[in-house]
Amino acid sequence: MSRLFDTKPAAKWEEAYPLGNGRIGAMVFGQPGYERIQLNEDSVWYGEPVDRINPETKKSLPEVRELIRQGKIPEAEKRVMQSFSGIPQSQRPYQSAGDLWINWEGSMDAEAGYERELDLERAVASSISRGAYGETKRHYFVSAPDQVMVIHADAPGEQTLSLSALLTRGRFYETVKKVSDDTVMLLASCGEGGVRLAVAVKAVADGGEVQVAGEHLLVKAAKSVTLYVAAETTFYCGEDGTLPKYPEENGENSLIAVRAMLRLQEEQLQYVRRAVKRLDAAAEKGYEQILRDHETDYRSLFGRVRFRLAGQDTERLEYTRTYFDYGRYLLISCSRPGSLPANLQGIWNEEMQPCWDSKFTININMEMNYWPAEVCDLPECHRPLFDLLKRMRRRGRETARRMYGCRGMTAHHNTDIWADCAPQDICISATYWVMGAAWLCTHIRNHYEHTGDEAFLKEMYPVLKDAAVFFHDFLTEDQGELVTSPSISPENTYIMENGVMGCLCAGPSMDTQIVRDLLENYANVSQLLGIEDEDTGKNREILGRLPQTKIGKHGQIMEWREDYEEKEPGHRHISQLYALHPSGRITRDGTPELAQAAANTLARRLTYGGGHTGWSCAWIVNLYARLGDGDAAWENLKKLYEKSTFPNMMDNHPMFDYFVFQIDGNFGATAGITEMILQSSPERTILLPALPGDWEEGEIEGLVLCGGAKADIYWRENKLKLCRIRARRAIRTRICYLDQQCEIDLPEDGRCVLKMTEGGLVCESV
C-alpha cells in the first residue's frame, strides 16, 4: 500500500496532506480539535487581463542586436531593460481560495493516540483520534466526478458530534452569507475586473441539527456528519463550468472579449449558482456513492502503473516507491482535462502573493511538471498544457508581431491564467528569453508519439507551426549561422575575457537545441499530415544553418557560443544539457564525445555545489540516467529526499533563509525514476539503462513506450528477468538491453515477452 503516514497532526502547511481533482485543491492538517483546511481553486488569480507589450521593443531590436554583436553587453542590457520589459513588468499571481476552519466540539481529544494518512491508491486522507470515548474517524477527498471536496466524520461509540465551520480568506473577501439553513458561501473578488470567487460549504448530518448562525455553519449532536465544499469562479463559463473560449481575433479584441465574459458571468451569477448546484447534487447523491465514484475515477488513472523495489536498503527503496507513486498522485490531483495546467505549485498555495507568483514558469519548471505524463500513462493529465498553449497562441502572435516584427507566436519565461506572453519581471538573467512557447511545443510531438492521436496532432498543428514560423523570422545571421538574438541562457551569468559579466547574448546553446527540436518536429508533423508549403520549404533551409553543440576548454558542453567562464559554476540551471535530457539528441552510443562532455559538465556543476534546489536535483537524476550512470542518478535521488523534501514529501526550493514549495521537483523525480528503468524514443527502447546497484530486485508494470505499447519490466539480482510488451496499436521498434537488441513487430493488441537467455536477448510472441 502506498501512503503517507504520521502520528501527529500537521503543525504547518508543509506537513499537511494535499488533495485535489485538477481544479479544486485542499491541504488537510488533521487537527483533532480546531482544524484548518486550506483551499485552492486553479483559476483564482489576481487581476484582469492586460496588454503589457512594450511599444519600444521593435524599434530598439536592431540597436540591441548590434550592441551584442560588438560585445557591448552592459549597454545592450541597459537598453533591453528599458525597451523590452513588459508594461507593467509583472504578470498576474495565483492566490489561495481561502480556509475552512472547523471547530470539532465534544469528544475530539486524542489522549489515547492519534494517526493520520494519505492513501495514494484511493486519493483519500484520513485521521483517527483515540480518546476516552473511543475512536473518532474522519475522511477527506476531492471528487473529480462531482467537483466537490468531501469531509466525513463518524462519532465514537455512543457519542455524538458537534461542530462549527467558518470560511475565511484573510482580509481578501467581501462577505460570508447564508444560502440556506445548511449552507454558507464566501464571496470574493480578485481585484477590479478580475475573477470573482464563490466558496460554499454544506452540512449533512445523520441525526442532530444543522443551522446557520451569522457566518458560522453549525452541526449539533449528530451521529455522523458530511461537509461538502464547492469552489467556483467567473473564469469558467456557463452552467457547465467549461474553460473559456478565446476569440480568433488577436490583441485588444481578445482582451476585450475576455473582460466581457468575466462581467457577464458576474452579472448572471452563473458561478454562484453552479456552486450551489454542485452542493445540492452532492447531498442528493450521498457520501457513500460519491466516495465510490471518486475511487473508481481515480483508480482508473493511478492503477495503470505499479512499481515495486527490493534490496538491502529497504527503507530508502520503500521511500522511492512511495515518492514515485506520490508524483503520479500529484499530477492526477492537479491537472485534469478541463482544468488549468499545473503551475509552479501544482494547485496548492496558501499565499496571496506567493514566491514567483506561483505562475506557469516555462523556462523548465512547467515543462518538468509534465515529464512523467506520457511514460506513466497519464496522457489525459497532459491535456491542460495543450489547452493553455492554444490560448497562448492568440496572445503569442501579438507578442511576436508587435515586439519583434515576426510572424508566428512567441512567449518568454512565464505565462499566467490569461495566457500573457510578454516578458515577466525586469531580471536580466531570465526575462529576455523568447523560447518559452517553443519548449512547450515540443510536448506536442511527445504526446503524439505515445498516443498516436492524429486528431490531436491536427488540432495542435496551427500552434506548432506558429511557434516554428516565429523563428523563421526572428533568427539572425551571425558568422554564417542563424542564431537567436537577443537572448540569455536561463538564468546564468558569464564572464568575458575583459572581466565584464553579462547575461544577454546571441545563440546560447539551449536556444539552438530547442529551435532544432521545434523545427524538426514541425517538419515531421507537416509530413505526417501531408502538408507542404512555402514555410515547410524554408524550414528545411533554416535547419541546415543552425549552430552545432560544441565542447569547451573544460571538456564541457559549452553554454554560450563563446567559451566563457561562469559567474556561478554550480548554477541550478544546466541549460546546455537540454540536448541530453529532455531532448535525447546526445546519446552514449550515437554521440559519445558529446555524452562524455555532458558527463564532464555535470561533474563540474556538482563540484561547485550544483543540484542545490529540488527541481535541479531532479533534473540531474534524469541527466545521469540518460548517461547510463544509475549509481550517480541514485545518489542524487537520495540527495533530493534528504535535502529538498518537506515532511509531506512535497519538493522544496531555497529562498534566502527559508524554503518554499515547488512541485516540479516531485514530477522531475518521478520522471527520473522511469528514466533509470526505461528510455524510449521512436527509434528504440532501452530496458534498465541506469539501474543502480542498490536496486537489486524490482518490477514496474504499465510504463508506455514511444509507439504506445505498454511494458512490464521485471529484474532480479540487478539483471533483466523478462519484459512483457502489449501493443495498443501496431508498433515496430528495436528493444535494447546491455549490448543485446532485437526487433519487435506487433499488430494492434499484439503481445510479446523478452527474456535474457544464454544466447542473448530473445523475443517470444504470446
Side-chain angles (χ1 to χ4, degrees), residues 5-13 15-19 26-39 98-119 124-142 148-169 176 178 181-186 199-230 279 282-283 287-288 290-291 350 648:
F5 178 82
D6 209 324
T7 56
K8 60 183 182 304
K12 54 186 178 180
W13 193 89
E15 296 175 356
Y17 290 154
L19 298 171
M27 295 294 286
V28 176
F29 289 66
Q31 296 101 330
Y34 191 50
E35 179 171 22
R36 177 193 181 196
I37 298 172
Q38 189 266 316
L39 300 169
D99 294 282
L100 173 61
W101 300 90
I102 307 172
N103 185 10
W104 299 93
E105 301 170 6
S107 56
M108 286 304 192
D109 64 279
E111 293 176 358
Y114 173 91
E115 61 186 54
R116 65 186 173 108
E117 72 170 23
L118 173 59
D119 185 339
V124 175
S126 61
S127 66
I128 300 176
S129 302
R130 297 182 179 91
Y133 298 100
E135 291 187 344
T136 301
K137 298 180 181 179
R138 294 183 219 155
H139 301 282
Y140 316 76
F141 61 93
V142 183
V148 292
M149 181 182 184
V150 180
I151 304 147
H152 179 81
D154 292 303
E158 300 299 319
Q159 303 302 305
T160 60
L161 291 173
S162 295
L163 66 86
S164 171
L166 176 67
L167 288 167
T168 67
R169 194 170 183 260
V176 174
K178 176 180 177 179
D181 288 340
D182 60 8
T183 305
V184 293
M185 177 180 289
L186 176 148
V199 181
V201 57
K202 174 189 278 291
V204 176
D206 177 11
E209 179 186 354
V210 179
Q211 66 183 68
V212 174
E215 295 182 323
H216 293 79
L217 178 62
L218 308 177
V219 177
K220 297 180 180 179
K223 188 60 185 170
S224 69
V225 62
T226 305
L227 299 179
Y228 299 104
V229 183
L279 295 179
Y287 167 69
E288 296 292 345
I290 291 176
L291 176 60
E350 68 171 337
N648 61 3

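The first residue in the sequence is number 1, and the count goes up from there. Note: hydrogens, waters and symmetry copies are ignored here, and every other heavy atom, side chains too, is used.
- Two residues are said to be in side-chain contact when any heavy atoms from C-beta on lie closer than 4.5 Å; Asp181 and Gln211 fail this criterion.
- Note that CZ of Phe29 is 7.5 Å distant from CH2 of Trp101, once rounded to the nearest 0.5 Å.
- Taking 4.5 Å as the limit, every side-chain heavy atom of Ser127 sits out of range of all side-chain heavy atoms of Pro9.
- Among all heavy-atom pairs drawn from Pro156 and Gly134, the shortest one is CB-C, 3.8 Å.
- Going from atom NE2 of His152 over to atom CG of Leu227 covers 10.5 Å, rounded to the nearest 0.5 Å.
- Between Leu217 and Thr183 there is no side-chain heavy-atom pair separated by less than 4.5 Å.
- A distance-only check finds a donor-acceptor pair linking the side chain of Arg116 to the backbone of Lys8 [under 3.5 Å].
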task: Check the pair Glu115, Arg130 against salt bridge (charged side-chain N to carboxylate O under 4.0 Å, His left out), reporting the backbone distance first and the verdict last.
output: CA-CA 9 Å; Glu115 61 186 54; Arg130 297 182 179 91; 3.5 Å; yes

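- Here the shortest heavy-atom pairing between Tyr17 and Leu118 reads CE1-N, 3.6 Å.
- Remark: Lys12 NZ is loosely packed, at most 12 non-hydrogen atoms of other residues, nucleotides or ligands lying under 6.0 Å away.
- Here CD of Glu135 is found 9.5 Å from OG of Ser129. Values are rounded to the nearest 0.5 Å.
- Of all heavy-atom pairs spanning Met149 and Leu19, the tightest one is CE-CD1, 4.2 Å.
- Within the model, atoms CG of Leu100 and CZ of Arg169 stand 15.0 Å from one another, a figure rounded to the nearest 0.5 Å.
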TODO: Evaluate side-chain contact (heavy atoms from CB on, under 4.5 Å) for Val150 paired with Tyr228, printing each intermediate quantity in order.
DONE: CA-CA 5 Å; Val150 180; Tyr228 299 104; 3.9 Å; yes

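- Separating the CG atom in Asp182 from the CG atom in Leu218 is a distance of 12.0 Å, to the nearest 0.5 Å.
- Tyr287 and Phe141 have tilted rings, their planes meeting at an angle from 30° to 60° on a 0 to 90° scale.
- If you take CD1 on Ile151 and CD on Glu35, they are separated by 7.0 Å, rounding to the nearest 0.5 Å.
- Here the shortest heavy-atom pairing between Ser224 and Asp154 reads CB-OD1, 3.3 Å.
- In terms of modelled atom types and a separation under 3.5 Å, the side chain of Asn648 and the main chain of Ala16 share a donor-acceptor contact.
- For Val210 against Ala205, the heavy-atom pair with the smallest separation is CG2-CB, 3.8 Å.
- Under the 4.5 Å side-chain criterion, counting only non-hydrogen atoms from C-beta, Thr136 is not in contact with Trp104.
- The local environment of NZ in Lys137 is sparse, with at most 12 non-hydrogen atoms from other residues, nucleotides or ligands closer than 6.0 Å.
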- Task: I would like to know whether Val124 and Leu291 meet side-chain contact (heavy atoms from CB on, under 4.5 Å); could you show each step before the answer?
- Result: CA-CA 9 Å; Val124 175; Leu291 176 60; 4.0 Å; yes

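- Shown here for Arg36 and Gln31, the closest heavy-atom pair between the two residues is N-OE1, 3.2 Å.
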